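Quick notes on the structure that follows.
Nothing fancy with the numbering, it's 1 onward along the sequence. The model shown is predicted, which means the values in this text are computed figures rather than measured ones.
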Amino acid sequence: MGLIVAALIGFCAVEHIGFMVLEMFYWTSEFGIKTFGTTPEFAKQSAVLAANQGLYNGILAAGLIWGLVSDRRDVRVFFLLAVIAAGVYGGLTAKASILLVQALPAAIALGLELMRTRKPA
């Protein structure tokens with residue numbers, strides 16, 4: 001696997017670990033409220049939903065890490081596609097900047113991964 005591709009996938013994984021931590025553990029904190037632009041009332045009412053969303057982000061991070069550690073291209077491609085799908089959906093339904101923060105890095109990593117030539121089996 002190329003170093004640049006691995007670095008980009010690692011970046012995406014770290015991002016999703018960060019999203020997970022924010023959504024699961026800091027959603028109702030002052031930092032979480034500022035980060036997501038919510039109110040204390042909304043944060044308290046939606047904390048369980050945010051934690052669930054955080055868990056999904058953790059699963060995405062785990063899949064990306066699995067793809068890196070196992071050196072399995074199919075796993076990397078699958079989880080990059082999942083990150084892109086989540087980012088596009090979030091960008092269209094929640095906040096447009098999600099497209100840049102979440103979907104774009106994964107799309108670049110996926111494009112580079114798919115351009116790499118595969119070793120013969």
Side-chain angles (χ1 to χ4, degrees):
M1 171 182 4
L3 185 61
I4 293 173
V5 175
L8 279 169
I9 294 171
F11 173 78
C12 292
V14 169
E15 268 193 320
H16 281 79
I17 291 168
F19 301 152
M20 177 193 73
V21 169
L22 277 169
E23 293 165 347
M24 292 186 82
F25 305 110
Y26 292 101
W27 183 257
T28 58
S29 73
E30 185 177 329
F31 179 70
I33 289 167
K34 282 184 181 180
T35 300
F36 293 103
T38 62
T39 64
E41 297 78 24
F42 177 81
K44 185 177 180 183
Q45 292 171 349
S46 60
V48 173
L49 294 173
N52 189 318
Q53 185 171 297
L55 178 62
Y56 288 115
N57 278 308
I59 291 167
L60 291 174
L64 292 170
I65 293 166
W66 174 31
L68 286 172
V69 172
S70 68
D71 199 25
R72 287 191 49 189
R73 187 178 197 190
D74 59 334
V75 173
R76 292 190 303 272
V77 168
F78 174 83
F79 280 97
L80 286 168
L81 285 168
V83 168
I84 293 166
V88 168
Y89 184 81
L92 294 174
T93 61
K95 193 174 181 184
S97 64
I98 294 172
L99 288 166
L100 296 174
V101 173
Q102 185 174 355
L104 183 61
I108 293 169
L110 177 63
L112 292 174
E113 175 69 48
L114 294 176
M115 287 191 316
R116 288 182 47 249
T117 54
R118 295 178 69 172
K119 296 179 201 171

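- A heavy-atom distance below 4.5 Å is not found between the side chains of Leu99 and Leu104.
- Closest non-hydrogen pair, Ala109 versus Leu8, comes out as CB-CB, 3.8 Å.
- Once rounded to the nearest 0.5 Å, the distance linking CG of Leu110 with CE of Met115 reads 10.0 Å.
- Residue Val5 is not grouped with residue Phe11 when hydrophobic side chains (ILVMFWY) are merged at heavy-atom distances under 4.5 angstrom, including chains of intermediate members.
- Considering every non-hydrogen atom in both Arg76 and Gly67, the closest pair reads NH1-O, 3.2 Å.
- Across all non-hydrogen atoms, the minimal contact from Gly2 to Arg116 is N-NE, 3.4 Å.
- Between the CD1 atom of Ile84 and the CD1 atom of Ile108 there is a distance of 10.0 Å, given to the nearest 0.5 Å.
- Taking hydrophobic clusters as Ile, Leu, Val, Met, Phe, Trp and Tyr residues chained together by side-chain heavy-atom distances below 4.5 Å, Ile4 shares a cluster with Val77.
- Ala106 approaches Val83 most closely through the heavy-atom pair CB-CG1, 3.5 Å.
- Taking the side chain as every heavy atom from C-beta outward, Leu22 and Phe36 approach each other to under 4.5 Å.
- Inter-residue side-chain proximity for Thr39 and Ile33 is flagged as unmet; no heavy-atom pair is nearer than 4.5 Å.
- Neither side chain, Thr38 nor Trp27, offers a donor N or O lying under 3.5 Å from an acceptor on the other.
- Of the inter-residue distances, the one linking Leu60 atom CG with Leu55 atom CG reads 10.0 Å to the nearest 0.5 angstrom.
- No chain of hydrophobic side-chain contacts below 4.5 Å, direct or via other Ile, Leu, Val, Met, Phe, Trp or Tyr residues, connects Val14 to Met24.
- Other residues, nucleotides and ligands contribute more than 12 heavy atoms inside 6.0 Å of the CG atom of Leu81.
- Side chain of Arg73 to backbone of Glu113: a donor-acceptor contact under 3.5 angstrom is found.
- Across every non-hydrogen atom of Glu23 and Ala50, the tightest pair is CB-O, 3.3 Å.
- Atom CZ of Phe79 and atom CZ of Arg72 lie 10.0 Å apart (nearest 0.5 Å).
- The same ILVMFWY cluster, assembled from side-chain heavy atoms under 4.5 Å apart, contains both Ile17 and Val69.
- Looking at Ser46, its side chain never comes within 3.5 Å of a backbone N or O of Leu49 through a donor-acceptor pair.
- Nearest heavy atom pair, residue Asn57 against residue Met20, reads CB-N, 4.1 Å.
- Cluster annotation: Phe42 and Phe25 are assigned to the same hydrophobic cluster (Ile/Leu/Val/Met/Phe/Trp/Tyr, side-chain heavy-atom contacts under 4.5 Å, transitive).
- The shortest side-chain heavy-atom distance between Gln53 and Phe19 does not fall under the 4.5 Å cut-off.
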